[in-house]
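Every value quoted in this text rests on a predicted model; they were computed, and no experiment measured them.
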Amino acid sequence: MKFLNIVAPAVLAASMSGAFASTRTTYDLILTIDQAENSPFCSNTTPVGIRGFGCLEIGQSFHGSFSVDSDMLAADGTVYGAPIYSFSLPFGDLIYSTGPSNTALSGFRGPGLGSSSPGFVVASGAVVDLKGDVHGSSDAPFVDFWGNGTFSAVDRVNTIAKGSLVVAAPVPEPETWAMVLMGILGVGMSVRPKRKLEQHSTCAAA
C-alpha cells in the first residue's frame, strides 16, 4: 500500500503535466559567425531606411529563442508549416521577431515563399536544427538556415556572414515546473498521514 501511495500521485502528476504543460516547448537558438564580409556601408553611415546588420565580427554570437507545439516532436524528420508561438533572433543591429520587438522580419521561408515558419528538423523527440530562412521585405535582409548546423546572412548593403547554428536543449515552460511541484507535494502528502498513523499505532500498543 505504501508503494501505491507514493507511485499513484507521481503518475497522476506526470499525466497532468503531459496534458497541460507539455503542449509548448521553448528552445534557445545560437548563431556564431565564422566568416564575415562587411560592406563599406555597415557603420553608422548606412543610408537612412536601409536596414543592415551593422559591422559584424568573426566569433560574434547572437542568442534567440523559439517555441513550438510539443506534438510535432512525435516523429523524426523535417516539419514544415508547424505553428510557431514565438521566434526571436537578434542578429547584428537587427531583431527578427514574431513579437513587438521586431525590427526587420517580414516572413519565414520553409519549402517556399509565404511559409508561416521555417522547417524544424526533429530527431529523438527534439528540434535539433532549422531549414529555410527568416527574411525582410523584398527578401532582404535575410538569415538562411541550411539544416546542417550552419547559416548564412546578407543585408541590404551586402554585409555577408556565415557560421554555425545551434539549437540548444529545450527550456521547460513555467507550467511544467508548476506541475512537477504539484506532483512532489502530492507524494509528500500521501506519505505523511501514513507515518503519523504508524506512530499512533505504536504508542497505543505500548
Work out which heavy atom in [X] is nearest to a heavy atom in [Y]; give both atom names and the distance.
{"X": "V127", "Y": "M72", "answer": "CG2-CE, 4.1 Å"}
{"X": "D155", "Y": "R51", "answer": "CB-O, 4.0 Å"}
{"X": "T32", "Y": "G59", "answer": "CG2-O, 4.0 Å"}
{"X": "W146", "Y": "S152", "answer": "NE1-OG, 3.0 Å"}
{"X": "P141", "Y": "L94", "answer": "CG-CD1, 3.6 Å"}
{"X": "D93", "Y": "G54", "answer": "OD2-CA, 3.3 Å"}

request  = Just do the side-chain contact (heavy atoms from CB on, under 4.5 Å) check on S164 and D34 with the steps written out, would you?
outcome  = CA-CA 7 Å; S164 62; D34 298 332; 4.2 Å; yes
message = Which residues pass the salt bridge (Lys or Arg N to Asp or Glu O under 4.0 Å) test with D144, not counting sequence neighbours?
response =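 For D144 there are no salt bridge (Lys or Arg N to Asp or Glu O under 4.0 Å) partners, ignoring immediate neighbours.
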ask   = After noting the C-alpha distance and the side-chain angles of L130 and L29, does the key distance pass the side-chain contact (heavy atoms from CB on, under 4.5 Å) rule?
value = CA-CA 10 Å; L130 299 178; L29 182 62; 3.9 Å; yes
task = Give the intermediate values and the outcome of side-chain contact (heavy atoms from CB on, under 4.5 Å) for residues T78 and V121.
result = CA-CA 4 Å; T78 303; V121 182; 3.9 Å; yes
Inter-residue atom distance [X].[atom1] - [Y].[atom2], 0.5 Å rounding:
{"X": "L165", "Y": "T150", "atom1": "CG", "atom2": "OG1", "answer": "7.5 Å"}
{"X": "K131", "Y": "Y80", "atom1": "NZ", "atom2": "OH", "answer": "4.5 Å"}
{"X": "F53", "Y": "N38", "atom1": "CZ", "atom2": "CG", "answer": "11.0 Å"}

[X] side chain to [Y] main-chain N or O, any donor-acceptor pair under 3.5 Å?
{"X": "R109", "Y": "D133", "result": "no"}
{"X": "D71", "Y": "T23", "result": "no"}
{"X": "N158", "Y": "S39", "result": "no"}

query = Does anything in residues 59-78 pair up under ring-ring contact (aromatic ring centres under 6.0 Å, His included), and if so which pairs, sequence neighbours excluded?
reply =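 Counting only pairs at least two positions apart or across chains, the ring-ring contact (aromatic ring centres under 6.0 Å, His included) contacts touching residues 59-78 are Y27-F66, F62-F91, F66-F120.
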For residues 82-90, run the donor-acceptor check on the side chains, cut-off 3.5 Å, and write out each pair with its distance to 0.1 Å, sequence neighbours left out.
from : atom 1 : to  : atom 2 : distance (Å)
S86  : OG     : S67 : OG     : 3.3

Linked hydrophobic residues, I160 as query - side chain contacts closer than 4.5 Å =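 ILVMFWY cluster around I160 also holds F142, V154.
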ask   = With sequence neighbours left out, what residues match I58 under side chain to side chain contact (heavy atoms under 4.5 Å, CB included)?
value =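 Counting only residues at least two positions away or on another chain, I58 forms a side chain to side chain contact (heavy atoms under 4.5 Å, CB included) with A36.
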inquiry  = D28: which residues meet the side chain to side chain contact (heavy atoms under 4.5 Å, CB included) condition with it, sequence neighbours left out?
reply    =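 Per chain and number, D28 pairs via side chain to side chain contact (heavy atoms under 4.5 Å, CB included) with S65, A168, V171.
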